[in-house]
Amino acid sequence: SGAARVLRLGQPTVTRRLAALEYVIGHALFRRSVEGASLTAAGERLLGPARKMAEWAGELHRAAEATDG
């Protein structure tokens with residue numbers, strides 16, 4: 001729910017997208033419990049590359065906005 005608020009998406013949308021990602025990569029990324037969610041070993045391994053992807057996507061967006069026409 002917290003991630004959905006930050007992303008300004010509905011919680012079911014975030015859940016579906018996360019499930020689709022986990023299916024594609026073949027690994028669970030989070031352990032879910034009544035206390036909340038925590039990263040699995042696979043989630044920990046992918047966290048750094050995911051952060052880099054987000055940074056690069058931001059750079060691409062800024063560069064696209066700076067181009068003429």
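Being a predicted model, the structure only gives us computed values, none of them experimental. Positions are given from 1, in the same order as the sequence printed here.
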Would a hydrophobic clustering, with Ile, Leu, Val, Met, Phe, Trp and Tyr connected at side-chain separations under 4.5 Å, put L9 with L21?
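No, it is not one cluster - the side chains of L9 and L21 are not joined through contacts under 4.5 Å.
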Closest contact, heavy atoms only, [X] versus [Y]:
X	Y	answer
E22	L29	OE2-N, 2.7 Å
A3	V14	CB-CG1, 4.5 Å
A42	A28	CB-O, 3.8 Å

Any luck finding a side-chain donor-acceptor pair between T40 and R31 under 3.5 Å?
no
Any pair counted as salt bridge (charged side-chain N to carboxylate O under 4.0 Å, His left out), so long as it reaches residues 38-62, sequence neighbours left out
none
So do L46 and I25 actually touch side chain to side chain, heavy atoms under 4.5 Å?
yes
Test item: R32 side-chain N/O and F30 main-chain N/O as donor-acceptor pair under 3.5 Å:
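Yes; judged by distance alone, with no hydrogens or angles, the pair exists.
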Within the distance-only criterion (no hydrogens, no angle test), does the side chain of T15 pair as donor or acceptor with the backbone N or O of Q11 below 3.5 angstrom?
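Yes, the answer is positive, given that a donor and an acceptor are paired below the 3.5 Å cut-off.
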